[in-house]
2 protein chains.
Amino acid sequence: MPSKVTLKAVAAHAGVSYQTVSKVLNGQLRVSAETHQRIMDAAKALDYHPNQIARNMRVRRSFMIGYSWVQTSPDQVNHILDQFLSSMVHEAEAAGYHLLPFPFREGDEQVDDYKELIDTGRVDGFVLSSVNYNDPRIEFLMQRGFPFVAFGRSNPELDFPFVDVDGADGLHQVTRHLVERGHKRIGVIAWPHDSRVGNERMRGYFDVMQSAGLEVRPEWIERGQGTFEFGREAALCLMDLPAEQRPTALVTLNDTQAIGAMHAARERGLEVGRDLAIVGFDDAPMSQYLFPPLTTVRQPIRAAGRKCVEILVTQMEGKPLVEKGTLLSPELIIRVSG
Amino acid sequence: MPSKVTLKAVAAHAGVSYQTVSKVLNGQLRVSAETHQRIMDAAKALDYHPNQIARNMRVRRSFMIGYSWVQTSPDQVNHILDQFLSSMVHEAEAAGYHLLPFPFREGDEQVDDYKELIDTGRVDGFVLSSVNYNDPRIEFLMQRGFPFVAFGRSNPELDFPFVDVDGADGLHQVTRHLVERGHKRIGVIAWPHDSRVGNERMRGYFDVMQSAGLEVRPEWIERGQGTFEFGREAALCLMDLPAEQRPTALVTLNDTQAIGAMHAARERGLEVGRDLAIVGFDDAPMSQYLFPPLTTVRQPIRAAGRKCVEILVTQMEGKPLVEKGTLLSPELIIRVSG
DNA sequence: AACGTTCGCGCGAACGTTCGCCTCTATAGT
DNA sequence: ACTATAGAGGCGAACGTTCGCGCGAACGTT
């Protein structure tokens, strides 16, 4: 049984009407000092806690934020989820909201899940993650005018609130770092063209190469999945270029690829950090303990989670948004590998 | 605004009372075939979805499962959370429940958070994780008679529903594997005595050593935190024992310790897998890509999450529990390190 | 023909809040 | 002394469901 002690119980104990108790407890009514005290005492004595479901029903809001994340393969674990979720939960709680996690479905039915949550009144807003170009959820929520915030960007022409890590800045730092270390032939193990995140990061690479006056050869860029296997294969390809064209440094778009590349280097008898620089992206938990420790880029995940909730809450409260999009700068973590 | 279409709207459209619509939609009332059809058509035409908050208020249940997890340090990332959470979310959704994540607070106020969630009627049950001996939450929930299930065990004398990975079985498999490979001096990098999880795992080690007639020297057991640093230091101590007493194999209680031990071995010029066997526990995402790939123990996390929710739901539905505790066997993943 | 019995459906109430409006008294202003 | 004003608190209603009971009609039974 839930809390048996209701407003009426407190009211009876304090000798006032239960509506008065409600108002006093919510600070919406000034009463004489003594009745105020009686009400407070009664609430404390009976250990009253307002039933949130009843409250939500009355005010016709759920104070819930829907969130779902992609099912990672057993291989590619989402090491970011912990930080992202807990920062959102903290921030949401502080604003009187809670998180509602729900299963992530791919495909056409995905929007149905979002619609269902709205129609049944379960959520007041959404945080979207794993967004990409032409995300059907964004189109749906925009046309419905339902509050949401995206962690990540989509089509440039769409105007919606988002939070994102500035991937261009990240690769900017990475590439500049390598250039400063004297590298001139810098290869990159990248993602396919249909990834907005990937394209954004590549922008930082191209920018620095160009402004440093360095050549970018098409054969230095390998595009494929963000897996260990692809990282390894791509690195092998790059290593097998003729000696005078071969990159002396390899930039990757995530740590998993970087580790694959490290294996490839080892297979070719190269010592990572001395014969070949390799830089990752993500700062995965184990990356600091690799041989050699991986130079990589750390994303401000907790800040992103907080910002997502902050932006979403201002929308749900009906306040105007001062800034539609927020870009957070990642941090280059220089270790030994590059 | 939430769903504007209510039971009354459907009823008006179908020409019956709204209570009838409710009952028909819930299958609690048999009506003539034609009115049944009219009601169904109306519901479909208006795209009716019952407001869950109102429903929950009426039936005085929240259909929510409270869950909170320990804040991991940036160093020690919870790579298990993704699988555990998503399996729970899936299973809960199938049973008509949802998960309510809330911030994990250590210390005396922790129970207050649980109490608050109960008193405000927000949750119908809890999944507890990171339980250990003398967990105040267990005491509180047991005496309050509130439904919960623990992922992990606590004091043996307490009788409450739990799901746990059989750590003894895990180290049983590990140790037997090493014995079969001919190892006689097997050291272990363990946790302090106040960890139930750690003690459980050690039981598997002691069992196998004893039944194999192998000696267990106290100096072969190092106890400390589950960190990289402790793993490294403990392994250095063990490596520095006199040659004829030095363990030829090292069992650790998690992969992070194991990686620390691998570094220690490298520092001492030992080749892991040939000169020294090292086995981890957890199968962290990167463990397969280490040099050499780490032999470790994989826990059935998704099964555990499902089972937790299953047990909790049967309690919340008021059904009797057939099995109080469930032990799940982990799986030895043999790679190269040991 | 009078009587139970089932079927099909309606009605009132309740879950625990919040919200707007009303009433009553005491005080101040003219 | 009569009215305006403000302060203190009560009252009814509503949010959208579910649940138990009741009632009329149709049906079959004696």
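Worth knowing before you read on, the calculation uses all heavy atoms, side chains too, and leaves out hydrogens, waters and symmetry mates. Note on naming: letters A, B, ... go to the chains in the order of the sequence lines (proteins, then strands), and numbering restarts at 1 for each one.
- Interface remark: the B/K23 side chain does form a donor-acceptor pair with the C/dG10 base, using a distance-only criterion of under 3.5 Å.
- Checked for salt-bridge contact, B/R144 and B/D119 meet the test: a charged N lies under 4.0 Å from a carboxylate O.
- Distance CE (B/M57) to P (C/dT17): 8 Å, rounded to an integer number of Å.
- In this structure, B/E34 atom CD and C/dC9 atom P are separated by 8 Å, rounded to whole Å.
- Summarising the local packing, CZ of B/R30 is surrounded by 12 or fewer heavy atoms from other residues, nucleotides or ligands at distances under 6.0 Å.
- The cationic atom of A/R137 (NZ for Lys, CZ for Arg) does not lie both less than 6.0 Å from the six-membered ring centre of A/F140 and within 45° of the ring axis.
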Atom pairs, N/O to N/O, protein against nucleotides 12-14 of chain C, distance under 3.5 Å?
unit_1: C/dG12; atom_1: N7; unit_2: B/Q19; atom_2: NE2; d: 3.2
unit_1: C/dG12; atom_1: O6; unit_2: B/Q19; atom_2: NE2; d: 2.8
unit_1: C/dA14; atom_1: N3; unit_2: B/R58; atom_2: NH1; d: 3.2

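- Look at CG on A/N56: it is 14 Å from P on D/dG16, rounded to the nearest Å.
- Across B/E91, B/M316, B/M88, a single residue satisfies side-chain contact (heavy atoms from CB on, under 4.5 Å) together with B/Y97, and that is B/M316.
- Considering only side-chain N and O atoms, A/N26 lies under 4.0 angstrom from the phosphate OP1 or OP2 of C/dT18.
- In this structure, B/I53 reaches neither bases nor backbone, as no heavy-atom distance under 4.0 Å exists between it and the strands shown.
- Within 4.0 Å (heavy atoms only), A/Q52 reaches no atom of the nucleic acid at all.
- Candidate nucleotides D/dC21, C/dT17, C/dC9 were compared by shortest atom distance to the side chain of A/R55, and C/dT17 ranks first.
- In this structure, A/V149 and A/L128 have side chains that are not in contact, with every pair of non-hydrogen atoms separated by 4.5 Å or more.
- Within a 6.0 Å sphere centred on CD of B/E310, heavy atoms belonging to other residues, nucleotides or ligands number more than 12.
- Summary of the strand contacts: B/A33 and A/Y48 both lie near DNA chain C, and taking for each the nucleotide with the nearest heavy atom, the more 5' one is attributed to B/A33.
- Contact between the side-chain N/O atoms of A/S22 and the OP1/OP2 oxygens of C/dT18 is found at a separation under 4.0 Å.
- Rounded to whole angstrom, the span from the CG atom of B/L29 across to the P atom of C/dG10 amounts to 9 Å.
- Residue B/V21 is the one, among B/V21 and A/K8, whose nearest nucleotide of DNA chain C lies closer to the 5' end (criterion: closest heavy atom).
- Distance from the side chain of A/S32 is smallest for D/dG9 among the nucleotides C/dT17, D/dT17, D/dG9.
- Remark: side-chain polar atoms of B/D166 are not paired, donor with acceptor, to backbone N or O of B/S329 under 3.5 angstrom.
- Whole-Å rounding puts the B/L7 CG to C/dC15 C1' distance at 15 Å.
- Contact annotation: A/T20 side-chain N/O to D/dG9 OP1/OP2 distance is not under 4.0 Å.
- Checking D/dC15, C/dC9, C/dT17 against the side-chain heavy atoms of A/R60 singles out D/dC15 as nearest.
- By the 4.5 Å heavy-atom criterion applied to side chains, A/V123 and A/F102 are not counted as neighbours.
- Between the side chains of B/S154 and B/D135, no donor-acceptor pair of N or O atoms lies under 3.5 Å.
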So what does the secondary structure string of DNA chain D come out as, 5' to 3', with Watson-Crick or wobble pairs under 3.5 angstrom, [ ] for crossing and | for pairs with another strand?
-> ||||||||||||||||||||||||||||||

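- The interatomic distance linking A/D119 (CG) with D/dG16 (C1') rounds to 15 Å, in whole Å.
- To the nearest angstrom, P of D/dG16 lies 16 Å from CG of B/L25.
- In this structure, B/R38 atom CZ and C/dG8 atom C1' are separated by 12 Å, rounded to whole Å.
- Checking B/N155 against B/N134 by side-chain atom types alone, a donor-acceptor pair falls below 3.5 Å.
- In this structure, A/T35 does not reach the D/dA8 phosphate: none of its side-chain N or O atoms is under 4.0 Å from OP1 or OP2.
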